[in-house]
Amino acid sequence: MPVESYYGPEQIQNLDLARDLGDPGQFPYTRGIHESMYRGKLWTMRQFSGFATPEETNRRYHYLLAQGQTGLSVAFDLPTLMGYDADHMLSEGEVGKCGVAISSLEDMETLFQGIPLGDVTVSMTINSPAAVLWAMYLAVAEKQGVDRASLSGTIQNDILKEYIAQKEYIFPPRPSMRLVTDTIEFSARHTPRFNPISISGYHIREAGSTAVQELAFTLRDGIEYVEWALARGLAIDEFAPRLSFFFNAHNDFFEEIAKYRAARKIWANTMRDRFGARNERSLKLRFHAQTAGCSLTWQQPYNNIVRTTVQALAAVMGGCQSLHTNSLDEAYALPSEHAVTIALRTQQVLAHESGVTAAPDPLGGSYFIERMTLDSETAAQAYIRQIDEMGGMIAAIEENFPQREIANASYAYQQAVERGEKLIVGVNAFSSDHDEPIQILQIDQNAQVHQAAKLAALRKKRDNGQVRACLDALKRTAEGAGNTMPDILDAVRAYATLGEICDALREIFGSYQETSLV
């Protein structure tokens, strides 16, 4: 957004501070969803982690918890994200590379071995096959003797942003939305403390969007999910309190803070005025933030610590409920133990040494921040109205509208970098021929062999007749209009694999192939 050289009272003369802002913990929650914010409870420090085999990632989780991390966040590898088992031919060369390989309930049991799921909140970054991985998680909790009603955590499960930005989809949009709605309905009835979706702007921003586009497209995705759940027959206050959000924390410090404040205000007004929500918890936008991976550079990688600190501070000043800080080496590889410890320590220093937790919304009332918040809100609402006029987000996606807007923004940004109008320290300014060496995490190349052997042994010892019966039952439900979650749970308990369950759904729903407009 354009920035003026000076901000004073005239820039916010139309803003009623009492009505439009309120106090922290009061509608429309611009200043935060809790009255005391971090004075009462710090944000959850939730480092995103996963690599190689479940055994290796389990060891990393135990290490992070021992270092003071307060929540787990699971990164899955590409085959898992795409619904393929580790021994599938399309998984060749990708097993365990960008996250942990999970193909069965057995793998999920190993992943959380020694970690009591009733005591730790777990976030899982999984989208198209989210219902399957969540079923595995629920089955592990059952085996641990944990009551579903006490489980707390989040599955990302945001399929719309896959079509918009990240492109890790399996099924066409409408059957995919049906699966998301199945999880929302199941969660509302059985896991009241679990978030069945994390509506994500992070990947939209990583694809090159502006802050306003991230804000607008994310909130309009949220509106789409609400509309589908209402069409299913759920009451708004039955499921809305468990909707959560996930935003990027980028470099422009004040713009990011304004974005978070505007998001809460827009969502509160939308839920109350558009959908008639009455439960206060339905109106409160809760969000996780992650520092900007796309801002990290392989040149002068220690600069990334500074970038991450600035971005994390923006997320905290903007009122996040949980936070992941990226590691200095992520432009090279998945984080090493050394780098991820520095990233976690960054959060801990902010929390315990900086003093920024002393007051909620410490920048509230700043002429600059309040004007940027208003401008963010106005620009985002214009996008939301435009998408409404198209018939909703799925119709907009089918017209390639958000994809085209993001591509144009990304192109404009890259042009500014190449012209030297946008300076990236260590890249197109203040560069050096000698970068300091860093430790690089090496992924065991035998991870695929190990996982394939485990799958072969699993298929021999399980009851394959029961697996076939469970998969047939799932296909019958998918052909109809029933909720698929109970059948997916049965298949998972029988040790049907991720790939087998996704293939059963592919038979009914088909696979999605994007068509691009130039």
Side-chain angles (χ1 to χ4, degrees), residues 38 42-52 56-76 97-100 120-125 154 156 198 200 202-203 205-206 246-251 253 256 287-318 320-354 356-357 424-426 435-443:
Y38 306 130
L42 289 174
W43 64 91
T44 301
M45 299 180 190
R46 189 187 302 283
Q47 292 298 111
F48 185 45
S49 184
F51 61 94
E56 290 172 271
T57 298
N58 176 262
R59 287 193 288 271
R60 174 66 66 87
Y61 288 168
H62 281 283
Y63 171 79
L64 288 169
L65 292 171
Q67 298 305 308
Q69 180 171 305
T70 53
L72 296 175
S73 185
V74 184
F76 297 98
K97 292 297 178 65
C98 70
V100 62
V120 177
T121 65
V122 176
S123 174
M124 294 186 287
T125 301
T154 303
Q156 192 164 101
S198 177
S200 176
Y202 185 85
H203 308 87
R205 191 65 175 280
E206 291 289 290
F246 175 22
F247 289 110
N248 203 300
H250 219 281
N251 278 335
F253 183 71
E256 293 301 287
F287 77 96
H288 170 76
Q290 179 177 338
T291 57
C294 64
S295 73
L296 304 183
T297 64
W298 61 265
Q299 302 95 330
Q300 302 179 20
Y302 286 97
N303 294 346
N304 295 331
I305 299 175
V306 183
R307 293 185 179 101
T308 294
T309 303
V310 172
Q311 295 161 4
L313 182 59
V316 171
M317 299 284 270
C320 69
Q321 278 60 64
S322 69
L323 177 62
H324 163 90
T325 34
N326 288 331
S327 299
L328 68 96
D329 54 358
E330 291 192 48
Y332 286 90
L334 294 182
S336 68
E337 190 172 281
H338 169 73
V340 77
T341 303
I342 294 174
L344 177 58
R345 294 290 182 256
T346 302
Q347 293 200 47
Q348 292 166 336
V349 169
L350 289 177
H352 301 293
E353 297 185 27
S354 70
V356 296
T357 61
I424 310 296
V425 175
D435 291 330
E436 294 185 57
I438 60 173
Q439 301 174 16
I440 301 294
L441 177 69
Q442 300 293 332
I443 303 299

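All residue numbers refer to positions in the sequence shown, counting from 1.
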K.L.:
Could you go through Thr357 and Trp43, starting from their C-alpha distance and side-chain angles, then the distance that decides it, and tell me whether this counts as side-chain contact (heavy atoms from CB on, under 4.5 Å)?
P.N.:
CA-CA 10 Å; Thr357 61; Trp43 64 91; 3.9 Å; yes

K.L.:
Decide side-chain contact (heavy atoms from CB on, under 4.5 Å) for Thr341 and Tyr63; before the verdict, give the C-alpha distance in whole Å, the side-chain angles of both, and the deciding distance to 0.1 Å.
P.N.:
CA-CA 10 Å; Thr341 303; Tyr63 171 79; 2.7 Å; yes

K.L.:
What's the shortest heavy-atom distance between Phe253 and Leu313, and which atoms?
P.N.:
CE1-CG, 3.7 Å

K.L.:
Does Arg46 reach the main-chain N or O of Leu72 with its side chain, forming a donor-acceptor pair under 3.5 Å?
P.N.:
yes

K.L.:
Just by distance, do the side chain of Thr325 and the backbone of Ala343 share a donor-acceptor pair under 3.5 Å?
P.N.:
yes

K.L.:
Please give me the minimum heavy-atom distance between Ala52 and Ile443, naming the atom from each residue.
P.N.:
CB-CG2, 4.1 Å

K.L.:
If I compare all heavy atoms of Ser200 with all of His203, which pair ends up nearest, and what's the gap?
P.N.:
OG-ND1, 3.0 Å

K.L.:
Please walk me through it: do Met45 and Leu344 pass side-chain contact (heavy atoms from CB on, under 4.5 Å)?
P.N.:
CA-CA 8 Å; Met45 299 180 190; Leu344 177 58; 4.1 Å; yes

K.L.:
For Gln347 and Gln47, test the side chains for any donor-to-acceptor distance below 3.5 angstrom and give the result as yes or no.
P.N.:
yes

K.L.:
Minimum heavy-atom separation for Ala75 to Cys98, with atom names?
P.N.:
CB-O, 4.4 Å

K.L.:
So if I apply the side-chain contact (heavy atoms from CB on, under 4.5 Å) rule between Pro335 and each of Leu328, Val340, Ile440, Ile342, which one comes out positive?
P.N.:
Val340

K.L.:
Might you point out which heavy atoms bring Ala292 and Asn326 nearest each other, and give the distance in Å?
P.N.:
C-ND2, 3.4 Å

K.L.:
Could you list the residues that satisfy ring pair (Phe, Tyr, Trp, His ring centres under 6.0 Å) with His288, not counting sequence neighbours?
P.N.:
Phe246

K.L.:
How long is the span from the CE atom in Met124 to the OG1 atom in Thr154, to the nearest 0.5 Å?
P.N.:
9.0 Å

K.L.:
Can you tell me how far apart CZ (Arg60) and OG (Ser336) are? Round to the nearest 0.5 Å.
P.N.:
7.0 Å

K.L.:
Evaluate side-chain contact (heavy atoms from CB on, under 4.5 Å) for Val100 paired with Phe76, printing each intermediate quantity in order.
P.N.:
CA-CA 5 Å; Val100 62; Phe76 297 98; 4.2 Å; yes

K.L.:
Identify which one of His250, Glu206, Gln311, Arg205 satisfies the side-chain hydrogen bond (donor to acceptor under 3.5 Å, both in side chains) criterion when paired with Ser295.
P.N.:
Gln311

K.L.:
From Phe48 CZ over to Leu334 CG, what is the distance, rounded to the nearest 0.5 angstrom?
P.N.:
9.0 Å

K.L.:
Quick check: closest heavy atoms across Ala314 and Glu256, and the distance to 0.1 Å?
P.N.:
CB-CB, 4.1 Å

K.L.:
Going by the rule ring pair (Phe, Tyr, Trp, His ring centres under 6.0 Å), which residues pair with Phe247 if we only count those two or more places apart in sequence or in a different chain?
P.N.:
Phe287

K.L.:
Hey, does Met317 have a side-chain heavy atom less than 4.5 Å from the side chain of Val356?
P.N.:
yes

K.L.:
Hey, could you give me the OH/OG1 distance between Tyr332 and Thr297, rounded to the nearest 0.5 Å?
P.N.:
8.0 Å

K.L.:
Regarding Asp329 and Gln439, is there a side-chain donor-to-acceptor distance under 3.5 Å anywhere?
P.N.:
no

K.L.:
Taking Thr291 for its side chain and Ala249 for its backbone only, find out whether a donor-acceptor pair lies under 3.5 Å.
P.N.:
no

K.L.:
What is the distance from atom OG1 of Thr309 to atom CZ of Arg307, rounded to the nearest 0.5 Å?
P.N.:
11.5 Å

K.L.:
Measuring from Gln290:CD to Tyr202:OH, what's the distance to the nearest 0.5 Å?
P.N.:
3.5 Å

